[in-house]
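Reading through the structure tokens given below for one structure.
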Amino acid sequence: MKVKTILVSQPEPKVENSPYFELQQKHKIKIDFRPFIHVEGVSAKEIRLQKIDLNHYTAIILTSRNAVDHFFRVADEMRYKVPEGLKYFCQSEAVAFYLQKYVVYRKRKIYVGAKDFADLSPLIKKYKDEKFLLPASDQLNADAPVTLNNLKVDWAQAIFYKTVMSDLSDLADVYYDVLAFFSPTGIKSLFKNFPDFKQNNTRIAVFGSTTQKEALDHGLRIDILAPTPETPSMTMALEKYISEANKGK
């Protein structure tokens, strides 16, 4: 069956040269973007109930841009003046680059990992006497606590923001040939909004093994899977599938 419409369960890309727009033009298809989940900040009051005092910590571990935004939001709400000597351990270059939105880079002590949380291990080990705070979401990957516990450092985790399922009721009567998912929560959101969802001829695209598992657990048939050695991104996986499905159009 040919593909004419795709719903991507993420916000629309802000860059003009997004591969999604190229895909749309090349195959003359319609791609819509709609986040199935969104992030909501936890109040300073709730964070205090987690027994978190920002003055206690000498180093902050930042795993995402959301973590950066919500750490500085909470600092502001708590009227905490961020000290110049505070150390920042960023999971990736992208997170470290985003940090510049809040701090003057050259004046700060910023340590950057390659990509995965475990890549920060040598850096954290080097500064093992610091008191580390990990501002995170309510759905933190298990590898972070495991890595920090194995390093035997003084650290605390605090929930600074939560992943919430979006209201999708306006999509009840809208049909798409392909639905693309990027997280287990996205799949959960689909079924929370539409408990009687029947896949029928809808193709399901998933990114990542945890998303794949969630889809299978909900009885979905997976038609498009990424990343694979051949298709490391969702857009490449969609491109491959559409090229096959729309042959002879």
Side-chain angles (χ1 to χ4, degrees), residues 10-11 13-15 37-44 46-48 50-163 182-183 185 207-210 227 232-233:
Q10 284 190 329
K14 289 190 169 72
V15 291
I37 56 177
H38 61 277
V39 165
E40 287 182 2
V42 170
S43 70
E46 287 178 82
I47 289 165
R48 284 193 186 98
Q50 297 175 50
K51 297 189 168 51
I52 295 296
D53 176 1
L54 297 183
N55 293 293
H56 177 73
Y57 303 97
T58 59
I60 310 295
I61 301 171
L62 300 165
T63 56
S64 67
R65 292 193 289 189
N66 277 326
V68 175
D69 282 336
H70 289 283
F71 170 71
F72 286 97
R73 172 188 61 80
V74 170
D76 195 46
E77 281 180 29
M78 289 184 167
R79 293 185 172 82
Y80 165 75
K81 190 176 184 306
V82 179
E84 281 207 8
L86 192 66
K87 292 183 173 71
Y88 299 95
F89 291 80
C90 301
Q91 184 167 324
S92 66
E93 285 281 358
V95 176
F97 184 75
Y98 189 73
L99 184 59
Q100 292 182 77
K101 183 177 171 184
Y102 297 95
V103 301
V104 180
Y105 212 87
R106 59 191 164 73
K107 288 186 177 178
R108 303 290 177 156
K109 295 174 178 176
I110 297 166
Y111 309 91
V112 186
K115 183 180 153 225
D116 298 321
F117 192 86
D119 297 333
L120 280 173
S121 292
L123 294 166
I124 292 172
K125 201 172 182 178
K126 192 175 172 185
Y127 296 95
K128 64 181 188 301
D129 294 330
E130 302 292 338
K131 290 181 168 63
F132 294 92
L133 176 66
L134 177 62
S137 81
D138 56 335
Q139 296 186 17
L140 180 69
N141 287 339
D143 56 343
V146 168
T147 301
L148 292 166
N149 286 335
N150 287 342
L151 289 169
K152 295 183 168 55
V153 291
D154 183 349
W155 75 281
Q157 176 187 338
I159 295 170
F160 274 50
Y161 55 101
K162 292 179 178 175
T163 304
F182 300 83
S183 73
T185 320
F207 189 90
S209 56
T210 54
S233 70

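Pairing each heavy atom of L123 with each of G113, the nearest pair is CD1-N, 4.2 Å. Scanning both residues, L120 and V112, for their nearest heavy atoms gives CD2-C, 4.3 Å. Between I61 and L134 the shortest heavy-atom distance is O-CD1, 3.6 Å.
Within a 6.0 Å sphere centred on NZ of K162, heavy atoms belonging to other residues, nucleotides or ligands number 12 at most. Around CZ of R65, the count of heavy atoms belonging to other residues, nucleotides or ligands within 6.0 Å does not exceed 12.
With E77 contributing its side chain and S43 its backbone, the two residues share no donor-acceptor pair below 3.5 Å. D116 contributes no side-chain N or O that, together with a main-chain N or O of A118, makes up a donor-acceptor pair within less than 3.5 Å. No side-chain donor-acceptor contact under 3.5 Å links E40 to the backbone of Y161.
The distance from atom CZ of F160 to atom NE2 of H70, rounded to the nearest 0.5 Å, is 10.5 Å. Taking CD1 from I159 and CD from Q50, the interatomic distance works out to 5.5 Å, rounded to the nearest 0.5 Å. Taking CD1 from I60 and CZ from F71, the interatomic distance works out to 4.0 Å, rounded to the nearest 0.5 Å. One distance of note links CD1 of I52 with CE of M78; it measures 8.0 Å at 0.5 Å rounding.
Judged purely by distance below 3.5 Å, without hydrogens or angles, the side chains of E130 and T58 pair a donor atom with an acceptor atom.
Between Y102 and F72, the ring-plane angle classifies as parallel under the 30° and 60° cut-offs.
Applying the ring-ring contact (aromatic ring centres under 6.0 Å, His included) test between F132 and each of F89, Y57, W155 identifies F89 as the sole match.
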